[in-house]
Amino acid sequence: MTHDERSRVSRRRFLGTAGAAGALGAVTLSTEGLVAPARALAAEGSGSQIVPFYGTHQAGIVTPVQDRLMFAAFDVATEDRAELIELLQEWTRAAERMSVGRPVGSDNTDQSAPPDDTGEAVGLTPANLTITFGFGASLFERDGQPRFGLAGARPAALVDLPVFNSDVLDPDRSDGDLVVQACAEDPQVAFHAIRNLTRIGRGVVTLRWSQLGFGRTSTTSPVGQTPRNLMGFKDGTNNVKSDEAAQLQQHVWVQRADGPEWMTNGSYVVIRRIRMLLEVWDRSTLNDQEQTIGRVKISGSPLGQNGEHTPLDLKAESGGKLVIPVDAHVRLAAPETNDGAAILRRGYSFTDGIDPVRNQLDAGLFFIAYQRDPRTGFIPVQESLARTDALNEYIRHETSGVYAVPPGIARGGYVGESLFNR
């Protein structure tokens, strides 16, 4: 038996075991080893570290932003619709287990086979793990040909992003048929999630690219301090918040009238790996930095105003000049400048060592933005920024992608069920 064949047997063994037990929350495990410690931790006062997996919307969108990220994009290697659905079912079951601190699968003691779970999360709490799934345009069609019986199912909002100024995109580190966003308070928990989904998918999907992130750079919570990005500025002060129900309905969640039906209560996510030219930034004066962003670096207040959360006064002048410059980042990104367009951000800082060509830090912002429709959300905002944003002198966009994020998962269902059962 080949390695891929053994992997597929392992996948189907897990699927059958979980399916026979019914809803995952009711699966009873009898093996020792990996199972007992993880179960004990899940039951031992860690309820505050568990984010509900099932619901109207997928977890990991308005969930309070955790401190660590691993994001991964996959290409589907099979053209078999049933095999893809089987994988999505198994990914769903595995994700639900990991979100409550349980190991993947139930057979982790058979000495003659690889264990179902890789084991590095044993002894760790669930750490508020959320696993969020998205579908790229190439899942629906490739080279003009429909895939997996999904002809006509691609949402109109799932558009190809235009090429913007400051784009220096790496095609091998962009796009993808499927994406998975794993966020947690513990980096090993997030890594464990992506590693195990990758292992489960072997033979059906291939890992296209991935990105680790740390230090959340925006917040979805109405409480707590606004985090800072690697440029040292508070980021996401005016972000859509989880308690703003009307704002979420208007700007984040797909409505039934938007179509298609299978995307109702879903969202769309745009990701951008934005390299910060930190060596150049660090040689800029404090005044230049604040004029570029449009905020006071230490307090986060808009220029000319007091208090971080004071609304931007885009008309304020001093000495006949606008206090917030015409090319300042906050001005060009503001809803008031973009016909009310707003997005929900939950980006992360990243550092991937040294760029060997320039001998500079390879670091920056892994931008993640959820919205109801990229055509009225991210795209017009980024077009405004790309044209005249003073920040463009200090950044480069190197990775890009836009994905349909299906609605939440019903207990006993699987991610994307509304699409494949439409």
Side-chain angles (χ1 to χ4, degrees), residues 162 164-167 217-241 243-244 246-247 250-252 270 272 274 276-345 347 364-365 367 369 371 374-397:
F164 303 102
N165 293 336
S166 78
D167 277 5
T217 61
S218 54
T219 178
T220 61
S221 175
V223 298
Q225 293 188 356
T226 305
R228 295 181 185 271
N229 58 32
L230 294 184
M231 288 179 162
F233 278 78
K234 292 189 173 185
D235 202 341
T237 297
N238 290 332
N239 200 21
V240 178
K241 299 298 193 293
D243 66 337
E244 298 174 331
Q247 289 280 86
Q250 181 179 355
H251 297 296
V252 178
V270 171
R272 309 278 283 181
I274 304 175
M276 292 177 175
L277 308 180
L278 294 175
E279 287 81 2
V280 179
W281 178 257
D282 292 343
R283 292 195 296 269
S284 301
T285 67
L286 177 59
N287 180 66
D288 283 345
Q289 291 183 5
E290 292 185 342
Q291 292 287 306
T292 295
I293 300 300
R295 288 185 179 275
V296 178
K297 189 167 188 176
I298 299 303
S299 69
S301 301
L303 294 182
Q305 298 168 255
N306 293 318
E308 177 195 345
H309 297 284
T310 303
L312 296 175
D313 185 351
L314 299 178
K315 297 180 180 179
E317 294 185 358
S318 177
K321 294 183 179 180
L322 289 169
V323 175
I324 298 178
V326 68
D327 59 354
H329 181 74
V330 297
R331 173 184 291 277
L332 296 172
E336 299 92 322
T337 310
N338 295 283
D339 295 324
I343 53 181
L344 184 149
R345 288 172 286 160
L365 168 67
F367 173 90
Q371 64 246 265
R375 297 170 298 180
T376 56
F378 172 79
I379 291 176
V381 174
Q382 183 57 30
E383 285 177 336
S384 174
L385 293 169
R387 283 192 297 269
T388 57
D389 188 1
L391 191 58
N392 290 337
E393 180 181 352
Y394 304 102
I395 61 175
R396 264 202 321 262
H397 293 246

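Only a predicted model underlies this, so the values are computations on that prediction, with no experimental measurement involved. Worth knowing before you read on, the calculation uses all heavy atoms, side chains too, and leaves out hydrogens, waters and symmetry mates.
Judged purely by atom type and a 3.5 angstrom limit, Arg331 uses its side chain to pair as donor or acceptor with the backbone of Pro325. Side-chain atoms of Thr217 come within 3.5 Å of backbone N or O of Gly347 as a donor-acceptor pair. With Thr337 contributing its side chain and Ala333 its backbone, the two residues share no donor-acceptor pair below 3.5 Å. Judged by distance alone, the side chain of Asn338 and the main-chain N or O of Ala341 form no donor-acceptor pair under 3.5 Å. Checking side-chain atoms of Gln305 against main-chain N and O of Pro311 turns up a donor-acceptor pair under 3.5 Å. Checking side-chain atoms of Trp281 against main-chain N and O of Met231 turns up a donor-acceptor pair under 3.5 Å. Between the Arg396 side chain and the Leu277 main chain, no donor and acceptor come within less than 3.5 Å of each other. Looking at Asp327, its side chain never comes within 3.5 Å of a backbone N or O of Ala390 through a donor-acceptor pair. Remark: side-chain polar atoms of Arg228 are paired, donor with acceptor, to backbone N or O of Ile298 under 3.5 angstrom. Distance alone, capped at 3.5 Å, is enough to place a donor-acceptor pair between the Glu290 side chain and the Lys297 backbone.
Salt bridge present: Arg272 and Asp167 bring a charged side-chain N and a carboxylate O closer than 4.0 Å.
The shortest heavy-atom contact between Gly307 and Pro302 is O-CD, 3.4 Å. Nearest heavy atoms, Pro380 versus Arg375: CD-O, 3.4 Å. Closest heavy-atom contact between Ser218 and Arg345: OG-O, 3.0 Å.
Counting only heavy atoms from C-beta outward, the side chains of Leu344 and Thr220 approach each other to under 4.5 Å. Looking at Ser301 and Thr310, their side chains never come closer than 4.5 Å, going by heavy atoms from C-beta outward. At a threshold of 4.5 Å between non-hydrogen side-chain atoms, the residues Met276 and Asn229 count as touching.
Once rounded to the nearest 0.5 Å, the distance linking CG of Asn392 with CZ of Arg387 reads 11.0 Å. Interatomic distance, CG of Asp235 versus OG1 of Thr219, reported as 11.0 Å (0.5 Å rounding). Between Ile324 atom CD1 and Gln291 atom CD the span is 9.5 Å, to the nearest 0.5 Å. Distance check, rounded to the nearest 0.5 Å: CD1 of Ile343 to CZ of Phe367 gives 4.0 Å. Interatomic distance, Tyr394 OH to Asp282 CG, rounded to the nearest 0.5 Å: 10.5 Å. Expressed to the nearest 0.5 Å, how far CD of Gln382 lies from NE2 of His397 amounts to 4.5 Å.
Screening Leu312, Leu314, Leu303 against Val330 for a side-chain contact (heavy atoms from CB on, under 4.5 Å) leaves a single residue, Leu312.
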